[in-house]
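Per chain, numbering begins at 1; letters A, B, ... match sequence-line order. Values in this document were obtained by computation on a predicted structure and should not be read as measured data.
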Number of protein chains: 2
Amino acid sequence: MPAGAAPDAAQAAPATAPPRKPTVIDVARAAGVSPATVSNALNDRRYVDAGTRESVREAARRLGYTPNLRAQRLRTGQADSIALLSAMPFAVAAGPSRLGFLMEIAAVTATLAIERGLALVLVPPLDQPGPALQRLGIDGALVLEPLADDPNVAHLRARGVPVVTIGRQPGAENLAHVDLRSGETATLLLDHLRAAGARRTGLLIGGQPRNSYVETEAAYREFAACHGMPALVRRADEREGEAAGEAMAAAMLAEDPALDALCVPVDAFAVGAVRAVRASGRRVPEDVRLATRYDGLRARNCDPPLTAVDLHLDRIAELAVELMLEQLAGAPPRVSLAPLPDLVPRRSSVPAA
Amino acid sequence: MPAGAAPDAAQAAPATAPPRKPTVIDVARAAGVSPATVSNALNDRRYVDAGTRESVREAARRLGYTPNLRAQRLRTGQADSIALLSAMPFAVAAGPSRLGFLMEIAAVTATLAIERGLALVLVPPLDQPGPALQRLGIDGALVLEPLADDPNVAHLRARGVPVVTIGRQPGAENLAHVDLRSGETATLLLDHLRAAGARRTGLLIGGQPRNSYVETEAAYREFAACHGMPALVRRADEREGEAAGEAMAAAMLAEDPALDALCVPVDAFAVGAVRAVRASGRRVPEDVRLATRYDGLRARNCDPPLTAVDLHLDRIAELAVELMLEQLAGAPPRVSLAPLPDLVPRRSSVPAA
DNA sequence: GCAGCTTCCTAAAACGTTTTAAGAGGTTTC
DNA sequence: GAAACCTCTTAAAACGTTTTAGGAAGCTGC
C-alpha cells in the first residue's frame, strides 16, 4: 500500500463510504425503532405493529440488510454444520465401489441438512484423523458404517461432538445410530434366492469389522440351519474390489460345486462373482443365482443386471439427520430403525421372462 | 414449569452441577490468569510466558475446554469453510450421470481443503437457491460448470461471497475460474477418432448453456472446416439422461447415414448412443466410433467401454482451491489453466486387438 | 381513580471469543 | 536518572444478534 496517503484519507474524509455491511442497528436507525424491534419484526416474533413491521422490512430491504449468521448463531446457540465421514476409503482403488452409496447418502443428507439450516461438511478419509478434524467447525458428525474400532468415532466422542452412525458401530454402547437391519435385508435376499429355485446358497462378505457383515452372517447361518442347508461363508478384502470378489467366488464354486446361488452384499464383489460363475462354465442365473445389497449404478450396469435391494437411503438419511438434531438439542442418544428394504429383482436371479 | 419450586432450587442449591460447557473464563479462573491470556496462550499469539502457557493448557485440558466455534467465528469473522455447488441436478434421472464427476471433484477438494484448515460444505442443487444459501455460513464457494445465468452464482456474488468456478461461466466477466480447456479436449477426441479411421464425425452435446459445450462446438466446427467435413451438431436435454442421448443419436444416424463416428461429451448420452448405433444395425466401433469426455464408472462399465479423457480432476480441484485461497486472502480474481487432458482409448473407438 | 389487562416498544444484558490499548515491572541506553 | 524499550499480562471493548425484563400508553371494569 502507499505510504503517506492512507492515514490522512482514513481519518479526515470518510467521503468514500467504508463498505461495511449494514447491521441491525443501521436498520433500526433507518426505520426509527430499536434494534430489538428490528429483530422481532424480521423474525416474526412477539407483538409488532403491522405498520412498524412493514417499515422495518422496507428499511432492511432498502439497506440490503442480511443478518450476520455468526452473530445469530452465537446468540441462539444453534448449530450450523454437521459432518459426514466415510469410514470407507473415498476411492476404493480406482473402482468407486462405495462411492455411489456414500454419494447418495451425501446428496440426500446435504439436502435435508440444508433445509434445516445446517451445512453438510464432507470429510474425506484422513491419514491422521485427529489434527484435521479438530480444526473443523462442526457441531456434530454422521459416520457411515463405522468399523469396530473406528478412529474417527473415537476422536469425535472424546471431543464431545455428538455422533450419529448410519449402521451400528460394532461393540459401541450408547451411540445414536440408524439400524440398517442388515439381518433382515440378508433374509430378504436369501428368501428370494430360495424362491427363485436356489437350494444351496453361499455367502460372500467383506473382511472389515463392519456391523452389517456381522448381522448378515448371523442371518445367513440361521437361514441355513432353518432350511437344513450347509453354510458356506467366505470373506474378501474390500480394498481389492471386483478382483477379490471374483477370486473368492471362484474358490467357493470350486469348493462346493453344488452351489446354485451366491448372496454377495458388496456390489463390487458381486460383479466379480458374475465373472467367476461364467469362468467356471456356469450360467447366471440358470445355474447360479446372484444377489447383492446396494442398488447402485454398478448393480444396474452389470450384465446381467444384479438383483439388489432398495435400502431407501433417502429415508435413512432423514432418520440420521433427525437423530442428529435431537442430539444437538441435548436429547440423549437414541436408535432409529430404518425402513425394511424392498427387493429389486433383476436378471441375475430370475431368468428374463 | 412448576410454579413455586424452581426459583428456590435455582437460587439456593446448585448442588447438581448445571452441565455447562466450560468457557474461556472458567479456564482463566482455574489457571489464575485473565481470559485474554487464555486466548493468547491457546492460540500461540503474542508473548506469553512459557510457564503460564503450560499452566493454561493444563487447566484447559483438565476442564475439558473446547472453544465455542460460534463465538470464535463471530469475533474473527471467519467461517473457515467453503462450499461446493453443483450446477447440475444431483440425480440426473435415476442414473447418476454427473454424480461421479461431482463426487470425484468433491473428494479431492474436500481433502485439499481440510489440509488447509477449511471445511468443504456440499451444497446440493436447490429449487430455491436463495433462502437456503443465505443461511449457509461460508467464506467462499466453488461452483462446478455453471450455466450462463446461474442463479447460485448470481446470488453469491450479490452477497459478496468470493466465487471460483470450475469451468468458465459463459458470459461472466471478472470471475475467478479454472479453464477446463474444453476446446482442446474436443480436438483431442476428434483427432483420435480421425486417426481411428473416422471420416465423418457428428457432435452430440447438452442443451444447457454451459461453457464446455460452447468451446466444444467451436472446436468441432473448426475441425470440420479444416478437414472438409460437413458439420453435424445436435443437442439433447441433459435432464433426460441416457434416453435423450439414444433418441438424438438415432436421429443423427438417420439424418446422415454416412456418419462413422460420434463425439459425445456427456457420458450418459454416449451410453445411449451406443444403443442407438446398435439399434440401427451398425457396430461399435467398426461402423461407428464413439468417444466421450469424463472417464467415470459409466464410461468404463459401458459395453463396449468408452474412449474418454482423463481430465486430471485432482489437479483441477487443486487449482480451484488455490484460486479460492487467493481470493480469501484478498487477491483479485484470476484464471488458472487446467492441465491438458490425456486420452484414454477404449474399445468404443478402436477394435479389440 | 386505580387495578388489571393488552399491545407495542425498548434499554440493557447476554452469547464466548479475540483484539486493542495500556499498564506493570524490568533492563538497557544515553 | 530519565527516556526508551523490552516481556508479560490484563481490563475493557468489540463482534452483531436475540432475549429479558420491563415501561408506556390505551383500554376495561369496578
Checklist entry - Quick one: A/Arg29 CZ to D/dG16 C1', roughly how many Å, whole number? => result 13 Å
Checklist entry - How long is the line joining CG of B/Leu74 and P of C/dT19, in whole Å? => result 12 Å
Next on the checklist: Need one value for A/Thr37: base, sugar-phosphate or nothing, where a base atom within 4.0 Å counts as base even if backbone is also close, heavy atoms only.
Outcome noted: base
Next on the checklist: Output the rounded distance in Å from CG (A/Asp26) to P (D/dG16).
Outcome noted: 9 Å
Checklist entry - Is B/Asp80 salt-bridged to B/Arg73, cutoff N-O under 4.0 Å? => result no
Checklist entry - Could B/Lys21 and B/Asp26 be called an ion pair, given the rule that one side-chain N must be under 4.0 Å from one carboxylate O? => result no
Checklist entry - Is it true that a side-chain atom of A/Thr111 and a backbone atom of A/Ala107 form a donor plus acceptor pair closer than 3.5 Å? => result yes
Checklist entry - So which one's nearest nucleotide on DNA chain D is more toward 5', B/Ser34 or A/Thr66? => result B/Ser34
Checklist entry - Between C/dC8 and A/Asn40, is there an OP1 or OP2 to side-chain N/O distance shorter than 4.0 Å? => result no
Next on the checklist: What is the distance, to the nearest angstrom, from the OH atom on B/Tyr47 to the P atom on C/dT27?
Outcome noted: 18 Å
Item to check | B/Arg75 (side chain) and C/dT17 (base): donor-acceptor pair under 3.5 Å | outcome: no
Checklist entry - Rounding to a whole Å, what distance do you find between B/Leu42:CG and C/dT18:P? => result 8 Å
Next on the checklist: Just N and O in the side chain of B/Thr52: are any of them under 4.0 Å from OP1 or OP2 of D/dT9?
Outcome noted: yes
Next on the checklist: Counting the atoms with a prime plus P, OP1 and OP2 as sugar-phosphate, which does B/Val24 contact under 4.0 Å by heavy atoms, base, sugar-phosphate, or nothing?
Outcome noted: base
Item to check | Value in whole Å for how far the C1' atom of C/dG16 lies from OH of B/Tyr65 | outcome: 7 Å
Checklist entry - Picking from A/Leu142, A/Leu156, A/Leu144, A/Thr165, what satisfies side-chain contact (heavy atoms from CB on, under 4.5 Å) with A/Leu85? => result A/Leu156
Checklist entry - Between atom CD in A/Gln72 and atom P in C/dG16, what is the gap in whole Å? => result 17 Å
Checklist entry - Closer than 4.0 Å, any side-chain N/O of B/Ser39 to the OP1 or OP2 of C/dT18? => result yes
Checklist entry - Can a side chain N or O of A/Asn68 be found less than 4.0 Å away from OP1 or OP2 on D/dC15? => result no
Next on the checklist: Measure CG/A/Asp49 against C1'/C/dC9 and give the value in whole Å, please.
Outcome noted: 10 Å
Next on the checklist: If you compare all heavy atoms of A/Leu63 against all heavy atoms of A/Pro22, which two are closest, and at what distance to 0.1 Å?
Outcome noted: O-CG, 3.4 Å
